[in-house]
Structures are given as C-alpha cells and as structure tokens.
Amino acid sequence: MEYSEKVMDHFLNPRNVGEIPDPDGSGEFGNPVCGDMTHVYIKVEDGRITDIKFKTFGCGAAIATGSMITELAVGKTLDEALAITRDDVADALDGLPPVKLHCSNLAADALYAAIRDYQAKNKDS
Amino acid sequence: MKRIYLDHAATTAVDREVMQAMVPYFTERFGNASSLHTFGQDANRALASAREGVADALGADVEEIVFTSGGTESDNLALRGSLPGHKGHIITSSIEHPAILKTCRHLERLGCDVTYLPVDADGLVDPGDVESAITSETRLISVMHANNEIGTIQPVSEIGAIASDHGIPFHTDAVQSFGKTEIDVRKMNIDMLSLSSHKIYGPKGVGALYIRKGLKIEPLVYGGGHEMGIRAGTENVSGIVGFAKAVSLACERFESDTAHLVKLRDMLIDGVFGSIDDVFLNGHPTKRLPNNANMRFMFVEGEAMLMHLDIKGIAVSTGSACSSASLDPSHVLLALGISPEDVHGSIRFTHGRENTEEEIKYVLDMLPAIIEKLRAISPLTGK
Ligand SMILES: Cc1ncc(COP(=O)(O)O)c(C=O)c1O
C-alpha cells in the first residue's frame, strides 16, 4: 500500500491514543466485521474540545485518521469540530490511497458521534 | 536493513541454477521447437527433455504433460476443457484458489452446475461429502492438494479413489504442494494436476497441466497444434527449461528442503505461541504444508501488522496476496468458520528454502512489541 509520509508518521507514532476515563462524550464508528473501527473520547469545556483521545482497530490508514482527527479537533468549538469532513482528514494526511478513502476514513464520523453523545447528555445547558 | 522474505506462497526468487539453465535459450539456442532445421531441433530436444523431467517428477508419462502459462491457465484448461458443452456438474471445494472458483462461477453462468463443498474448522474436505455430492451429471471433481492461504493438505488419494470408483475424472491444483509433499499421480488416482513454476524457484508465466492418457480435454487456445493439439502457441522454451530445472531441483532437494521448512515453521509457531497471548493457528495442526504458518492475532488488524513488519524488513501477507487489494476478508478463513474480525487479524508467513533460523529468530524478536503496540491502540482489546 502506498501511503504518504504523513500517514506513515501518524500510523507509527499515533497521537492521543487511549481512553478518557470520565469523558464528556464518546462515540464509535465502523465495524470490526469490515476490518475497521474507531472510538473517540472528548472532554468539553465552555463549548470547546479541551481533550480528545482515540482507539482504532484497523489498517494503517484507519489508525492514521484516528490520530489526525485528534489533532484537528483539539481546541475547536463543537460547531467547528462538526465542520471537519472526511476530506479534511485525508487532506491533512497528504491524501489516502483510493481504496482507503471510504472504508478506512472513519475518524470524522467517530468524532461526530462523540459530539452528539455529549450534546444528548447536555440537552438543557 | 535486513530484508526477510516470508511470502513464498505468493512467489519465489528464481534459483541461480535455474537461471543459468535458461540463459542459452534466450540467445544462441533461440530456435522455434516446431522448426525442422538444427536450431529448431535443438529447442525441440530441450522441450522433450523438460517434459520428461516434469513427467518423471509426477510419476506420469511424457505424453501426459502439457506446458501452459502457469497455474491459472492449467486450472482453466482442466475445468473448461472438461466441460466444453457447458453442460454437466462439477464438484469442488469452497476454499479453492480464485483460478478455480472464478472459473466455476463462469461455467455456472454458461449453464453448468457446481457444488462447492464445505470444509471443517481445519480446512479439510470430507471425502464422504465428495461421494454424496456425486450425481449422474457429474463430469469433474476438482479439489486442491494444498491450500495457498492456510496450507491444509487435502486427502486427495481418498478423493481420487472415490472419483475413480465412479468413473469421474479427478483434478487437483498442486501449485502450492509440489516440492513440499509427495505426489504420484498414479498412486493417488489423479487424472489432472496443475503446476506453476514461480512457486518453486522457477520463472513466472510457465506451468503445466498433467492430463491422464485417454482423457479428452478441449483446448482453450487454438492454433498451430503445439502441445499435442491441446495448447497452441510457440512454446516458451526458455521458461519451460527453467521450470523443468526448478522441478528437478525440487526433487533432488526434497528431503533436505522439507526438513528445513518444517523446522523453521515449528520454530515460528512455537515461538509466537510462547511469547504472545490470544493467538490461534489457522489451518490443520499437522496436515499442513511445511512452509505455512498462518495465525490470527486477536484484536488487531492484518494490514497494520503487515506494515509494521515491513518496516522491520519482514515481508508477509494477510490472507492471500491476490485478495489483499480488495480488502475483503479471505473466503478461505471465513469458510473455516472464523469470525470476520478475526479473519482481518490473520497473517500468513510462508518461508522458503533460503530462509534461516536467525531470520525466524529476528521475526520472533520483533513481533511481540508490534502486537502489543497495536493492541494498546485497539478498542477491541480486553472487551
Ligand atoms: C493454489 C494456487 N493455484 C493457482 C495459482 C495461480 O498460479 P499462477 O500464478 O502460476 O497463475 C496460485 C498462485 O497464486 C495458487 O496458489
């Protein structure tokens, strides 16, 4: 598989790996049956993502996108974070091989799921 | 950096002796084997001697060997050549190589019926299932000798005996097994058998189909009547000479090769089991090729393991090289009843003649940290 240097860097040295013990929101996307699945955990303060961690079962691209989404989302407001697209993630990694664009580019969706989880828990605020 | 090739089921490097044997047939001995002059007769003699060598290695006669462009063509010729009218029934297994499975699908579209026999959890076909699947319409039984992904060796002699009792031709794809396990087409009741040169340290793009005398096979390619009229086209003399040399080396080195391969295989499997938890062997524990160690590592994905190994200079494959571009879980591992996520966590190590114990040790040194690292990232770990 031809991966960019950025993908290889995030695959080999993924940033922000792990779980947040008491997250304000958590979400997952993908399906281990298809070979790729990403979990995202967030801490939110004053409408901003102050901490974010991820875990991925999947190929090199799936791990790299998980790592990249944590870098793109940290410090952003929830609206800004919801505006991050799959393409943004792929672009930030200097592109992904065509076969990987669909099946392994799950991180943005896992982030949306985490934000929606936070919003559902904080309906009144 | 050290580079360790553990993907011999995908292809092998051409042996130096094989290469040396081929070289003259590109230049001074370039003749067309059909020509009547000295150049042609020189090529023709080389072809005849190659055919004799391959026939001997299988316990067959020279007129029973048809040279082809490789395993895929041999499989196609055996199946499509047996059912030229596109009527009748084929029995095969659900874990065949795509060269068989896709050909069967094609024949189904043209009007044939195909039974795809299931396998047990170790990948074995039950000969009793073969017998029960036989109908009055059955024209061919095709079950591979050894599987390319998991290395399981099928009871081909028993299946051959059943086929013979019912008067049905029996084909086996021996592309992976040749040179690694005994083959005698007479003793094993085999009517057709596919071989490929590039899996046995020969050149790519050449192979053979053994066709038992008296069996009628319709050609796929028509033309100048080469290869006893079964496969037209000016023979690839240099390739065939190289293939025959690879066959003869495989026979010469059979004892030492297999002993070496078994030692490395068991060292790898035992070493992995001793150092990593939640690992399982795919395929049969004993009825397996001496050079195949296919294992599934729970909670981690194959391509990620492959890439980490590649960075350490170790070349392996996930499932099957041909299907890794599609990213679909392997049909072979699914047929064993392994869950799709565990299929995604499977790695195939296939070592060869030139690999060493030091190389396997190096793999065993590298692997635990890679698995640990990926498991630390995986949300499935410990769930
Ligand atoms: C079992 C089996 N059959 C057939 C083939 C196809 O052989 P070839 O590459 O010579 O066409 C292969 C190789 O991938 C194989 O492993």
Side-chain angles (χ1 to χ4, degrees), chain A residues 1-5 7-20 23 26-41 53-70 96-107 109-110 113-114, chain B residues 1 7 10 278 296-334 337-347 366 369-383:
Chain A
M1 202 58 68
E2 274 303 321
Y3 284 131
S4 71
E5 270 178 41
V7 172
M8 287 309 289
D9 177 35
H10 278 264
F11 166 62
L12 291 174
N13 310 294
R15 331 297 199 245
N16 306 307
V17 173
E19 296 176 24
I20 295 175
S26 72
E28 59 184 70
F29 195 78
N31 188 339
V33 171
C34 306
D36 284 308
M37 153 139 189
T38 290
H39 286 218
V40 167
Y41 307 87
K53 289 214 183 317
F54 87 100
K55 277 194 159 185
T56 291
F57 165 81
C59 64
I63 291 170
T65 56
S67 170
M68 181 49 82
I69 201 77
T70 65
L96 287 173
V99 272
K100 301 285 184 176
L101 271 174
H102 276 287
C103 59
S104 307
N105 194 354
L106 315 170
D109 299 87
Chain B
M1 185 181 58
D7 200 13
D278 297 314
R296 55 186 197 276
F297 299 82
M298 309 276 288
F299 321 127
V300 293
E301 195 272 344
E303 193 222 62
M305 287 187 271
L306 179 148
M307 284 174 55
H308 271 291
L309 287 166
D310 194 43
I311 284 163
K312 302 288 183 199
I314 303 163
V316 300
S317 113
T318 59
S320 174
C322 33
S323 61
S324 60
S326 77
L327 310 174
D328 288 335
S330 139
H331 71 283
V332 174
L333 298 176
L334 290 175
I338 298 171
S339 76
E341 55 258 55
D342 290 348
V343 169
H344 285 294
S346 293
I347 290 277
M366 294 298 135
I370 292 172
I371 301 300
E372 194 178 330
K373 180 168 177 151
L374 290 171
R375 281 183 176 164
I377 303 177
S378 172
L380 304 181
T381 307
K383 291 265 152 77

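Here is how names work: the chains are called A, B, and so on, in the same order as the sequence lines, proteins then strands, and each is numbered from 1. Predicted model only: the values in this text are computed from it and were never measured.
Between the side chain of A:Lys55 and the backbone N or O of B:Leu380, no donor-acceptor pair lies under 3.5 Å.
Counting only heavy atoms from C-beta outward, the side chains of B:Leu374 and A:Phe57 never approach each other to under 4.5 Å.
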Carefully, step by step, assess A:Asn31 and B:Glu341 under the rule side chain to side chain contact (heavy atoms under 4.5 Å, CB included). CA-CA 9 Å; A:Asn31 188 339; B:Glu341 55 258 55; over 6 Å; no
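Both the backbone and the side chain of A:Val33 come within contact range of chain B, judged by heavy atoms closer than 4.5 Å. Heavy atoms of A:Glu19 lying under 4.5 Å from chain B belong exclusively to its side chain. For a residue to count as touching a neighbouring chain, one of its non-hydrogen atoms must lie under 4.5 Å from one of that chain's; by this rule B:Ile311 touches chain A with the side chain only.
Note that CD of B:Glu301 is 7.5 Å distant from CD1 of A:Ile63, once rounded to the nearest 0.5 Å. From B:His344, atom NE2 reaches atom CE of A:Met37 across 12.5 Å, with rounding to the nearest 0.5 Å.
Between B:Ile377 and A:Pro14 the shortest heavy-atom distance is CD1-CG, 3.6 Å. For the pair B:Ala304 and A:Gly58, the tightest heavy-atom approach, listed with the atom from each and the gap, is CB-O, 3.5 Å.
Atom NZ of B:Lys373 sits in a crowded spot, with more than 12 heavy atoms from other residues, nucleotides or ligands closer than 6.0 Å.
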